[in-house]
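Everything quoted here is computed from the prediction, not taken from an experiment.
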Amino acid sequence: VKRQNLEKIATTFGKADRSLPVSIYAELLTRSIGLSDLALRLPFAVTGLALLIVLPLAIRRRSQPDAVAPMFALMLAISPLLVYYSRAIRPYGVATLCALLAVLALRRALAPDGRRWVWAYVASAALVGWPLPVFFPFAVVPLAGEFLSRWRRQGFAAAKPALGIG
């Protein structure tokens, strides 16, 4: 196996379909303990399990009746896509979890006392786009929607705080 420069892996998309963080992780495994099925799949399985916990908790407060969140968790647990992406060495589950965390952080950041959540949103949104750039709009479109909604209702001056510039 040819060793590659980590900086080049981290910043360059190759000709093949690959995810930069997954490629870095595989290279680091190769350099340290060696590639094994368990070591390669473990982060993706943990991400799938995290989605089973975070998604139902995210809808728990908004759901009526109280049985909606546990039923949602059950449906996620048997979801063919979630099961597949929790087993495959692909970035879809990681990007989905990061996009969810970005949207939740954005909700908190837009609250009157939510300035401390801005950096959580920025970090989560950045992490969405790095493993899977096509998922980046899932993290950014809610911010643009909030900005446009405020602009339409109250004018540009009221919309600027949604972007952190007011």
Peer 1: Just verifying a value: how many Å separate Ile33 CD1 and Leu38 CG, rounded to the nearest 0.5 Å?
Peer 2: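 Here the interatomic distance stands at 8.5 Å.
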
Peer 1: If you define the side chain from C-beta out and look only at heavy atoms, does anything of Leu6 sit under 4.5 Å from Leu28?
Peer 2: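 Answer yes - side chains close enough.
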
Peer 1: Check step by step if side chain to side chain contact (heavy atoms under 4.5 Å, CB included) holds for Glu146 and Leu106.
Peer 2: CA-CA 10 Å; Glu146 179 66 24; Leu106 178 63; 5.6 Å; no

Peer 1: Please report the closest heavy-atom contact between Ala102 and Ala139, naming both atoms and the distance.
Peer 2: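 It is CB-CB, 4.0 Å.
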
Peer 1: Are the side chains of Ile89 and Arg41 in contact, using a 4.5 Å heavy-atom criterion?
Peer 2: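 Yes, close enough: below the 4.5 Å cut-off.
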
Peer 1: Describe, in one word, how the ring planes of Tyr25 and Phe44 are oriented to each other, choosing from parallel (under 30°), tilted (30 to 60°) and perpendicular (over 60°).
Peer 2: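 Perpendicular.
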
Peer 1: Between OG of Ser79 and CG of Leu55, what distance do you get to the nearest 0.5 Å?
Peer 2: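 Spacing of OG (Ser79) from CG (Leu55) equals 10.5 Å.
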
Peer 1: One pair to check against side chain to side chain contact (heavy atoms under 4.5 Å, CB included): Leu104 and Tyr121. What are the steps and the verdict?
Peer 2: CA-CA 8 Å; Leu104 293 175; Tyr121 169 71; over 6 Å; no

Peer 1: Out of curiosity, Leu127 CG to Phe135 CZ, how far, rounded to the nearest 0.5 Å?
Peer 2: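 Between atom CG of Leu127 and atom CZ of Phe135 there are 14.0 Å.
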
Peer 1: Compare every heavy atom of Val128 with every heavy atom of Ala95, then report the nearest pair and how far apart it is.
Peer 2: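 Closest pair (atom of Ala95, atom of Val128, distance): O-CG2, 4.1 Å.
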
Peer 1: Can you measure from OG (Ser36) to CG (Leu29) and round to the nearest 0.5 angstrom?
Peer 2: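 Between atom OG of Ser36 and atom CG of Leu29 there are 7.0 Å.
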
Peer 1: Strictly distance-based, threshold 3.5 Å: is any side-chain N or O of Thr47 a donor or acceptor partner for the main-chain N or O of Val94?
Peer 2: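 Such a contact is absent between Thr47 side chain and Val94 backbone.
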
Peer 1: Measure from the side-chain N and O atoms of Arg108 to the backbone N and O of Trp117, and report whether any donor-acceptor pair falls under 3.5 Å.
Peer 2: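 Here the side-chain-to-backbone pair does not exist.
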
Peer 1: If you take all heavy atoms of Ser19 and Pro131, which pair is closest and at what distance?
Peer 2: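 Scanning both residues completely, I find the closest heavy atoms to be OG-O, 2.9 Å.
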
